[in-house]
Structures are given as C-alpha cells and as structure tokens.
Amino acid sequence: MIDLSTDYLGLHLKNPVVVSSSPLQREIDNIRKMEDAGAAAVVLHSLFEEQIRLESEELDRSLNQGTESFAESLNYLPDLDKYNLGPEPYLEHIAKAKKSVGIPIIASVNGVSTGGWTRYAKMMESAGADAIELNIYYMPTDPEVGGASVEDRYCDVVKQVKSLLHVPLAVKLSPFFSSIPNAMNKIDRAGADGLVLFNRFYQPDIDLETLEITPHLDLSSSQELRLRLNWVAILYGHLHADMAITGGVHTADDVLKSMMVGARVAMMTSALLEHGISHIGNTLRDLRSWMEKHEYESIRLMLGSMARRAVPNPSGFERSNYMKVLGSYAIEDADFVGDLAVKDSF
Amino acid sequence: MNRSMVTIDGNEAAAYIAYQSSEVIAIYPITPASPMGEWADEWATKGRPNLWGTIPTVVEMQSEAGAAGSLHGSIQAGALGTTFTSSQGLLLMIPNMYKIAGELTPTVIHVAARALATHALSIFGDHSDVMACRQIGFAMLASNSVQETMDHALIAHAATLESRVPFLHFFDGFRTSHEIAKVEQLTLDDIRDMIDEELVRTYRLRSLSPDRPVLRGTAQNPDVFFQAREAANPFYLDCPDTVQKAMDRFASLTGRQYHLFDYVGSPDAERVIIMMGSGAEAAEEAVDFLSERGERVGLLKVRLYRPFSVEHLVASLPSAVKSIAVLDRTKEPGATGDPLYMEIVTALVEGLTGDQTRLTSMPRVIGGRYGLSSKEFTPAMAKAVFEELGKEKPKKHFTVGIIDDVTRMSLDYDKDFSTESDDTVRAVFYGLGSDGTVGANKNSIKIIGEDTEFHAQGYFVYDSKKAGAMTVSHLRFGPKRIRSSYLIERANFVACHQFSFVEHFNVLQLAQPGAVFLLNSPFLSGEVWAHLPTVMQEEIIRKKLRMYVIEADKVAEEVGMGRRINTIMQTCFFAISGVLPREQAIAAIKKAIGKTYHKRGASVVEKNFAAVDAALAHLHEVQIPAQPSGSISMQPPVPESAPDFVKRISARIVAGDGDLLPVSAFPVDGTFPTGTARWEKRNIAPDVPVWDEQLCIQCGKCVLVCPHAVIRAKVYDPALLAEAPETFKSAKPKWKEFEQLSYTLQVAPEDCTGCGLCVEVCPARSKSEVKHKAINMQSQPPLRASECVNWEFFLTLPETDRQQLKLGQVKDAQLLKPLFEFSGACAGCGETPYIKLMTQLFGDRVVIANATGCSSIYGGNLPTTPYTVNHEGRGPAWSNSLFEDNAEFGLGLRLALDKQEEYARLLLKGLSPLVGEELVRSLLEADLLAETGIGQQRERIRLLKDKIVGTQTREARDLAVVADSLVPRSVWIIGGDGWAYDIGFGGLDHVLAYGSDLNVLVLDTEVYSNTGGQRSKATPRGAVARFASGGKETAKKDLALMAMSYGSVYVARVAMGGSDTQTLKAFEEAQAYKGPSLIIAFSHCVAHGYDLVHGMEQQKLAVQTGYWPLFRYNPDLQREGKNPLQLDSRAPSLPLQKYMLNETRFNILNHADAASAKHLLGEAVDDVHSRWELYEKLASLPPGDMRNFGKAVLETTGAK
C-alpha cells in the first residue's frame, strides 16, 4: 500500500496535494468537491487588507458625497444598519467550510503592513481555521527604500501575527528578494511555521489602443514550477519551517518534483481552474501509478531526495548551470541567446 | 416614569408618534416633509413594530394624490392610517381629504407647513398650505416646537379616534421640521395610555367589511344632500372638548399641560399677540422679557385652529386686553384680512355676545403678516408689534420682518433688541456643503444634548446651489429651555471652516464682543493675519475676539480624510469653546465616532480617531496685533460691469443681504431677466482644466460634457489675436473650411466647479507621457488672474456663424454658444450637458416648460439664472409650473405659440398689398428645417417689420407683435424621472398621445434626486434608494416602449457617454419630427454613489453592458417604408456587474445583504437580456409588422 501522506505545518495530510488560494473556494460547494476529489487540505481565497479598507472607505465616501449641502436633499442614499465590510463574512465562510468538510482548512490573509488588520488572523483561528497562510506581497516603488528594510517589514508582520496565534502560520512569499536564502531565513526565524513559494506576480498589461494599463491574469503553467524547484532545493535543510510549492503545479510529475526538492506539499490552482476540480483525482491517480511503477512506498521517502544537498552535483542548482544553458542555446540559435541575455540582464 | 431625552428634529418627532400609532402609511417625497416618510420606511425595513405589534405597511405612491387615495382606502377598510406631506403635496390631497372628513374617518396627516408656489416656488416654511385646508373639515392642530410636535402628534392621534374628525397636525417647515432640539421622548406606555383601545375597536367595526356590508359614498340629490351634510355638525361641536380632554390626559401623564389656546404673559395684559406656529416661541421670549420689565403684554398661542372654539378663545384672553395683533404666516391676497385675523375678529364679535366672556368690550384688533417662506421672525419683531399696538392709530394691517416701501405696510423694528440669555452658548459655523460641517454639528448637538444636562438646539441654513454651497450652522446650548426659533444674532463662538469665505462674506458679522473665532486656514498662526481682509482685521480688534487657526485641510489630507474636515473642526470647537471640559469632550467625540462609523469599517473609525488627535496638535491661538495691516479688501459680489438689475438686486442676494431688499426691488409677477449667472463669480474649484493646444484634436467632447458650460470653443479671424492677452492660446483649426482661421478652447476659471469630467472624456494623450492629455486639471489660484483676462477676451470674440456649421457633428455643434451656463447644479452633474446641448442647437427659438425638480432648481433658483441669450439677445424663455403638470403646461405653451403663428399667417395674407406678395409668399412658404432657412426667415421678418412699422391699422399693429412667431418656436418639456415616470406620467402620456409638435426631455437619474434619492418607477431592479432600502425588487418601467406603442411618437434613448453622436442625432431628429418627441437621457447623478468624475465612463459601461441600450424610434421612417426602430448600440458585450458594482446604489446591498444582492442582480441580468431581445426583435421586424407593434411586444415578453 503506497503511503501518500505528508506533514505540513504540523498537520497530518493524507496526500501532498493541497488546493492553493483561489476564487473557487468562495463557494462551499467547491470546497466539498475538492475534498471529494482527494485534496488533502484547502487554502481559502484571501481576505485582502486593502480590499476591506478600500471598500469601507469607498462606502463612507459615497455615503458622504453631496450630503448636508442642499436643503432639499441632505443625503442621497440610505445608510443601512449593517454592512459586511469587515472580516465577518470571511469568518463565517471558514466556519461553514469547517462544518462541510473533514480536511484541514487553511485561511489566507493578504496584506503588506503591520497594523490592526493582522488581528484578522486571530479571528480566523477563532473561526476554526486549522492554520493561517499569510500572503505578504509588498511592491516597493520608492527608490529610497532598500531591500533590508523591505525584509524587516515582512519579518515584523510575521512576528506580529505569530504572536497572536496558536495554530500554525505559513507565509506565502514572492521570489523578488536579492538574497532569497537570507530573506527566507529571516522570515523563518521570525516564527513562520511554513513558507509557501512563491506567489505569482500579476503583471499589468498595456492596451495600445486606449493607452491604458489593464490588469492581467494568466493561469500558471508547469514552466513556472522550475523557479520554485530551484529555490526549494537550495533552501531545503536550512530552515525550520516546512516548505510548500505553489505556482506551476499542474500534474503528478510536478507534485513528484516538488516533493523531491523538499516541499512538504504541492499546491494547485491554475490546473483546477483550467481542468476542473476533478483534476485533483487524476493527479493523485497518476501520482500513485508513478510511485507504483517506480516502487516508491511513500511520499516521505522522496522528500528532499533531490534537494541541492542531496544530489551528487549541486552545481545543477547554481550559476554554472545557467551558463551551460546559455551555451547550449548559443549553439542552436545565436540570435535567440542574445535576446535571452538582454532579458536576463534586467 | 423614566423618559429619555433625545436630540431629534421635528420630522422625526412627528414620525415617531405617527409610526407607532399607524398600520398603513402612504408616502410621497416632498420637501421638507420627506424625512417623515423616510423614517417610517427605515423603521419598517428594520422591522420595528407599532403599538399593536405589527410592522406598519409603508407604501410609496406616485404622487400625494395617490398617497391620499390609498390612505383614504386604508382607513375605510379599518386600518389606522397616516401620511406626511407639505405645500403643493397637501393641495393634491385636498380632494380625498374632503371625502375623509365627510365620512368622519379618523386619521392624522402630519404636515411640515410650507409656502405654496405662487410668483415663485419656495421650499421654506409658512402656513399657506395648511390655510388652504381650513375649509375642508379636518381638525387642525398647530405645534410650535419640536417637543410640541411630538406631544401634539400624539394628542392628534388620540383625539381623532374619539372625535371621529380627521386631523391635520402641522408644524413649521424647516424651522421646526429640521430644527434639532433636545426633547423628552414619549414612551410606548405614554402612547398606549393615550390611544384608547376601545375606540380603536369601534373604529375597526365601522370599516367596510363584507361581513357587515354597507355602502359609503352615495350620490345625493338636492332633496337630501344639504341635510346630510349638516348631520356631522355635532362631531365638530364636540371636537374642541375632545381635544382638550386629550390634552388634559396627556398632562396627567407627562406634566406638560396644553390648552386649545395657551396664554402667556402678564395676567393683566392690555396688548396681546395671537398667533400659531414656531414664531410664537420667539414672541414668547419677547413677552417674557417685556412683562418682566413691567409691560402689560401677552401672547395667545392658538393650538387648535379647527374646529375653532370661540368659547375657549374668549375664556383664554386676559380681561384687561385692549388691543390685539393677530399674526398670520400666510397671505390671502384680496381678502379683508389674512385667515387667522379674520377668524379672531369674527370670534371676538361672537364671543362678546356670549355668556362666558370675561371681555367687557371689543378690543381693537389689527392683523399682521410675518415669516412667509421662513423669513425670520424674532423677539425684536414681536416687540415692534407690541409697540404698534400701543400706538394711538396703529396700522390695521401690517407686515413685519421686511421693508415694504411700496404699500408701506411694514413695521420698523429695533435690530439691536435681543432677548438672548447670557448663559446660553451660541455658536455659528460657516462650512462648505459636503465638507462635513453640518454633520459634525449635528453630532455635537447630540453629544451635548445627550451627555450633559444642557438644553441644545441646532438649525442649519443651506445655500441655493447644489455645488460649492455655503452652509451656516446655528447651535445653542444652555441650562434653560431654548425657545429661540430664529437664527443666532449674537454669537459667542464663530467658526469659519473655509478660508475662501473670508474674502466674500463678513463671517464675523454675528460675533459678539469677546467671542472666540476659529478659522480653518492654510496659513499658520504667525502668518494668517496678513492674509485677512483689513475690514475683518478691524472687526477682530474692535470686538476683542480671541482667534484660533487650524490647518484643517492639510491635517485632513494627512490622515486620509480627503476634504472632510468635520472631525477636525468639531474637535477644535470642543477644545476652545469651553462648552464641555476638553477631556470629556474628546472622549465623547471618539465615542460618537465609534457609534456613527463602526458599521462602515474599522479603517473609517481609525481615520476619524487620527483626525481628532491631529486636530489638537495643530490648533493654535493667533496673537492679535493692535492695528490692522495689509491691503486685502473684500471681493464685490458681482463685477462693476454687471447690468443694473444684477448690481441692484442679484448682487445683494449673492452677498447674503437679500433680507434687506425692499419690496420695490422686486418684479411684481415673478418675472426675472435671464443671463445673470455669468455675473456671480463663485470661484469654487481648487483645480481647473488647462488646455494644451498642441495636443488637442478639437473634437469638442470636453465642451460637450462640461456640466457648467465653462469650457468653450470658437473659430475666429486670426487678426483678432492682435488684441489678445499675453497668455491667450490659439491653434490652427482642424476643419478644412476654417483653415484660415484660428481656434481657441477657453476655460472660465471662476465659474468652473472642478468636476474633471472634461479631462476624463478627452481622447488625446501625450505620446511621451500618457497621463498628460489635451486638457488637464491644474491648481486654480496661480491661473486665476491670467485666465480671467483670457476668458473676458474670449467672450469678445465673435460667435461662429451657425449657418456655416455641420450641426450633426459634435465638434461643429460645440462651436455654438450654450444658452445655459454656470448653473447651481452639482459638480459633475449628468443632466445639465443635455440641456446645454439643446440650448446650443435650438436655444434661440426655445420655450421651456420645466417640471419641478433638480432641473427647475438649478435652472431657476435665485439669486442668478443660468439660461441666457445669444449676441442677438435671443435665448430660451423658461417657466416652471408645477411638478405634476409639466407636460400639460408644455402643451399649453405649444398651443398658444401655434395660435400666434396661425394669426401671423392670417394677418400676413391680409396685408399682402402692403408687404408685397413676394415677401409674403417667401415668409409663408420658407423651408425652415435648416439653420440657413431660419437665418433667412429672421431677415425676412426684419424686412416685414420695416414695411409695416408706422401703419396704424389693427392688423398691422397686431402683426408687428406676432410676426416673430413666423420663425418656428421649439417647445421643450424638461423634467426628471420622478415627474415623467411617476407624478406627471398621466399628463405626459396624454400629451404624447395628443400629437402636438413638442419635445420632451426626460433627464433620467432613476431616482428622485432633488428630494434626496427616493425611488421612482425609473429606479432599476436591485438599486438601493430611499423607500427601497432593501434594493428595489421590481424592474424599471420602460417608458420608451410605452411611448413607442403609439406609433406616432419619436422616441430616443440616449446616453452622452455611450455615444455623443447618437445623442446629437436624437436631438436633431426630435426637433425635426413634426409631432411629439420623447428623449430619455441617461443622467448620472450624485445619488448613484460614486465619484462623478467617472460619470461618462459609467454611461459607456451602461451601454456596453446592455443596461442602457441606445436607440431611436422615428415614425417618419415608417412612412418611408422602413422599420422605425433603429438600435444604436450593440448587444451586451460586458457583464452587467462591470457597470453595477461601480455604483454604491447597487454595491451597498452587496455589503449589507449579499444573498439578496445576488438574487436581485441575477434578475437584473435577466432584465437586461430580455429587454435587449425584445428591442432586437422589434428592430428587425419587417416595416409592415410595425403596425402590430403591441402584438410583437406581447409575443416577445410573453415568451419570458
């Protein structure tokens, strides 16, 4: 009997396939389907710090607009008794999800600053979340702000949230640090129980007709997995925190690779948006059949088996490999290498 | 019994009792009574039960007539019913009120008494409306204060059940309906103790029921009608005693004893004022003051005006009375006297002959009129009345509070006389609409009223403009009951919340010596003095004021409050006024913030808390120099170059001195000159658009959308630039035919409201920095001087010859001078661009009938008027009749204009020998469809007048008067959706069906905008509005489809932001169509709940999502064998949410009740799709089938 189980954030999971944060989880019915399809745990869609703030400020602004100005119309919209502008609907959603399924529910909170909003994590814990995933994505735009202070900011948020919680805390991060190992190390020391690598940078596009910036969101592809594999492989063995890979996990092969570089779980979203929730079942079936074919008894066995420190030639994860790759392209297509070099120099 | 003290206004006080005592509440919005209906609706939505444990059914009707009708039905069928209204609304209820009274059916109508529209509309308070009801058979009970409003409301509900006489309970509009005061709230037990359950049961048993069937409302004949009418007499005879009994019962419960007539003052008074309403409070202050000083004066307050009890009147008057002044707050032109005066004279004559009189001889009685349209009535005026009474030969009829230099009826009064108590804090705040000043003050009243033993009063004066308007808050606090039903005349605290006011208004006028003055200033305490006008400096020194400054705008910006300075200024008020200890006040403010904003989210609360703390840190006292310095002078209200009428009259009103204008200053019939808004330089925009002539593609879109007509374009002879100011810009025109000319786009910097719509619609972007457009907002102050000069120069350039323009193109049409400019509409208004466009196209031959609503307010509210004239002196003639009858009024205009043209043609034919056959023929047969033809016709008329001038025959003299009608007059009937879909729909429908050549422009904001956002039948499904706070559950009425069903009406649905070309085309076609035309114009509105800078983008989304399909239905096409319906927009290409979720009216439900929002949104999506499907089907019908239009509609909608 093949053992697919894994441990992540101190949670014992029946397999390594976890659904990462996506809009699908807004519907309890989908969470149920995820469990039915075999997901080991579900990370809920994110509660956004800015969204709560913006929504409440926008409502306040709209309700104030034009008021107390003209004798006949002292206001224009009824100020209703109650608005679900805080985290309450999200908290209710956690409770409902917990009631509906048996697998662990990881609540997700997304923000960039320290402050009152971090208490939402505590509220999520009280609402029944098995763990909290803190999605920190800070976009530095001020040329005067250095990398170290950005990292300190991350650590402050982690410390603050961690100090409130009893349940484990995972931190979802971007790959945009000048020294990823050092940054991850600091965040690990700040108290994170898990690191989720990496969130995806939703880059805006430009509409050439209207000359406007347009928000853009593409689903991930397995290609994106490589970046994650690379860094998890490098980090494996250096951190206390468990690692999860998210971004580019589409197939059983992707899950296997993730495990082998040292992730405890592999998180899926785009594949589900593309193929439907039942894709989890297919992935697990393929996973099992690969393991049967290659005679792996358990997932645990392969964890970190191809991490940087476990492979015979660690340079595969290092700069020398990069040069080799460039060299191989140069042989095939010199012009293309030129383009690539230019791109990479950015 | 423990009763709580609450700080509420009169409307809430009345609604509180009415709600508890009623089962069916029929409502319709009208200022200033609307809040009563809104409270009832809100409480019902929240599920608050009435006295019997059920939630009253609140039903909004299509008009007050409808509300009265449904009230009548409800009370006939045994439900306890009530309604609320005012002014014209009450007049619309009169027919049903006769029935209700004739059938002796208990009910109470609560009225915020308001002026009736006569020579002008007024939303303010007087007794014209209620006095128009004195003959109906309703009992009429007057309340003079907020406390009395609550008390008398209950007494009325109790007494109507016992007496069976229906009651009209009234209190003064605004003065009482909107005054916030600390009152003792009656408890449910009080209400229960007053409402006799047995009487309620008897009432129910009298109702219409098939179990005990009766017939009510017979037709009677000469044999019996008269006697049957007299049969009700005993009820009216008994009613006064019944009311007194209720008052006595009320006194036993609450300790507040009222009488049918309440006398106050010296027991042996010789001079007595008799009056009712809030003015009696001011009169009582005067009486107290004078009688304490030994004057034998008194005041008799009339509570129950109908049925009038002579017996109680004479029993209430002091026996020593020698002379009486009866004060009426209404005018009955041509009568011997105004109604209360007449009543009292008659009653005294009758009373003197009665048995129980204490009077030995007939006192001298004089009648005075005061307070029309909320004109101030003060203790000084009451004192003047007493002085008049003391004269040997007083005026028999007089007015007080105005200067009547025509019929010399007015009394002089001592403006320095004051009864204000020294222990009352009197604070006056000057704010800008929407800056939060009024809200903060309302909050302060609550804090002081509810957290301290002090009595509190707040009254708020608003501007006549909707944008950039000044608000003045008058707050009183003190240990004694506050009776002062008039504005503060001596303030010990003055706050000016906008620095720009100091140049325009004497904000220190009301400051008493030693008062505290708080100024929101961009300058610090050490610098501010140099920036004050010298007259203000002198006043500060002379009155020894203590002055503080706060950089509130900067602080607000820093803490993320934007332009809301409310919390900051409120904190400063408490910090320096000394009303409460500082710490206690700050704690109370924070508590109030938590209470008010908690539901809007933690970040809103936190921002406000931060504002409180930051305010204290930035508040500084100013060291007052001993001498004034600098040379800043106050800005004149209008420039020297303004016309005489504007300087003499409009300027005084602009300056806030309208009260001082004498009777002789005014037109006798309400007729005012147009084109006066241009002289009122309001200078309210912090940022104004600036043209980049290099980038501009001259498309005219910015000119088109500008709601206030402050962006203009002209092409002109470049030689004229020789005289141009240094910074005046020009560019080469992008028209082939104007290549040799110059083009300029110019902004009026002092008339702009800074809405930014122009920048949003500008399609031209810089290639090197895309945020830079061909028009960009920039800070106004540095540009003001140079751009004012440029604007003045621009105005001197000749208008583009309209005959040379292709008016079907937006860019050409936008070279036409708008004949509607600088209105008082909201910044970013979605309605005014349509009106402006209409005046550009047809304004020199337009007569406008304007329904009451936003468009009549920004179109015709004094001090100045936006409709204006072209260089030949021609422009729109405008009139507002009423709310409900605008289509009929417009038809009347059309009929009269047609008649004049017909007569001119007749006369012309008869005068052919004199005029010349050729000219007559060309005048009669001219092709007048295009601008060229109209220009030529005007020239022919000029020739005609030259030929007939001096001919003294009747025909020639008549023709000279009506000749101008040979240029076709265009009649435009303009109004909002409240008018077109609801109250005026019957008339509109009839006028459309009638077939005359007129044009109807419906400015559809999908809500009653002017009265504050109540739902209309144009409100879409899912939108939250007043009276639909759970989201409207039914779909929007398809007015266009209804009009199309006639087959003879031109119908267009337009949205300027969706397609400006289609809008333009629709206006041209509507004008050209020889029959009724209806344009339904989508108008974004502040009531939709988003920043109106995005108004045009939202309109575009409305079209793209199918929310607002664009089409034109032209019956002329049918005659050409084509399908008359042309769809001008494509099938929905974006999800409806894209449009809806940008607007708080939809989004708020999502926040409040997501499940309900999802359900309604789903249905709204279905609405959009089925409507589109229907239109598509109709537009694709073969022309012949259009005759079966209705069938096609039924087939399509039936399939749903």
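By convention in this document, chain letters (A, B, ...) are assigned in the order of the sequence lines, proteins followed by strands, and residues within each chain are numbered from 1. Any value given below was found using the heavy atoms of this structure, including those in side chains, with hydrogens, waters and symmetry copies removed.
- Between chain A and the residues A1028(B), S34(B), G433(B), the largest count of heavy-atom pairs under 4.5 Å involves G433(B).
- The most heavy-atom pairs under 4.5 Å with chain B, out of S62(A), S73(A), G86(A), S69(A), come from S69(A).
- Listed in order of number, the residues of residues 50-59 of chain A that approach chain B to under 4.5 Å between heavy atoms are R53(A), E55(A), S56(A), E57(A), L59(A).
- Heavy-atom distances place the side chain of R765(B), and not its backbone, under 4.5 Å from chain A.
- Scanning both residues, A611(B) and M561(B), for their nearest heavy atoms gives CB-CG, 4.3 Å.
- Atom CG of L1141(B) sits in a crowded spot, with more than 12 heavy atoms from other residues, nucleotides or ligands closer than 6.0 Å.
- Contact tally against chain A (heavy-atom pairs below 4.5 Å) for G1013(B), S434(B), A1087(B): the top residue is S434(B).
- With respect to chain B, the highest number of heavy-atom pairs below 4.5 Å among P89(A), G66(A), P78(A) belongs to P78(A).
- Heavy atoms of L432(B) lying under 4.5 Å from chain A are absent altogether.
- Between the side chains of N608(B) and R564(B), not a single donor N or O lies within less than 3.5 Å of an accepting N or O.
- Proximity to chain A is absent for every atom of Y1008(B), based on heavy atoms less than 4.5 angstrom apart.
- By number of non-hydrogen pairs under 4.5 angstrom with chain B, the leading residue of Q65(A), E72(A), R61(A) is E72(A).
- With a 4.5 angstrom heavy-atom cutoff, Y597(B) touches chain A only via side-chain atoms.
- Neither the backbone nor the side chain of H598(B) comes within contact range of chain A, judged by heavy atoms closer than 4.5 Å.
- Residue K46(B) touches chain A through its side chain alone, counting heavy-atom pairs closer than 4.5 Å.
- Residue V770(B) touches chain A through its side chain alone, counting heavy-atom pairs closer than 4.5 Å.
- R175(B) forms a cation-pi arrangement with Y459(B), by the criterion of a distance under 6.0 Å to the ring centre and an angle within 45° of the ring axis.
- Every residue two or more places apart in sequence or in another chain that forms a side-chain contact (heavy atoms from CB on, under 4.5 Å) with N30(A) is listed here: L24(A), E27(A), K33(A), M34(A), I277(A).
- At a 4.5 Å heavy-atom cutoff, the contact between K465(B) and chain A is made by backbone atoms alone.
- At a 4.5 Å heavy-atom cutoff, N1147(B) makes no contact with chain A through either its backbone or its side chain.
- When each of T45(B), T437(B), I857(B) is checked for heavy-atom pairs under 4.5 Å with chain A, I857(B) comes out on top.
- Taking 4.5 Å as the heavy-atom cut-off, none of the residues of residues 91-111 of chain A approach chain B.
- Of the residues considered (D60(A), T67(A), L85(A), T210(A)), D60(A) shows the highest number of contacts with chain B, using heavy-atom pairs under 4.5 Å.
- Looking only at atom types and distance, the side chain of Q1014(B) has no donor-acceptor partner in the side chain of E60(B) under 3.5 Å away.
- In this structure, chain B has heavy atoms under 4.5 Å from both the backbone and the side chain of L77(A).
- Here A1023(B) pairs with T1019(B), P1020(B), R1145(B), F1146(B) under the side-chain contact (heavy atoms from CB on, under 4.5 Å) rule; sequence neighbours left out.
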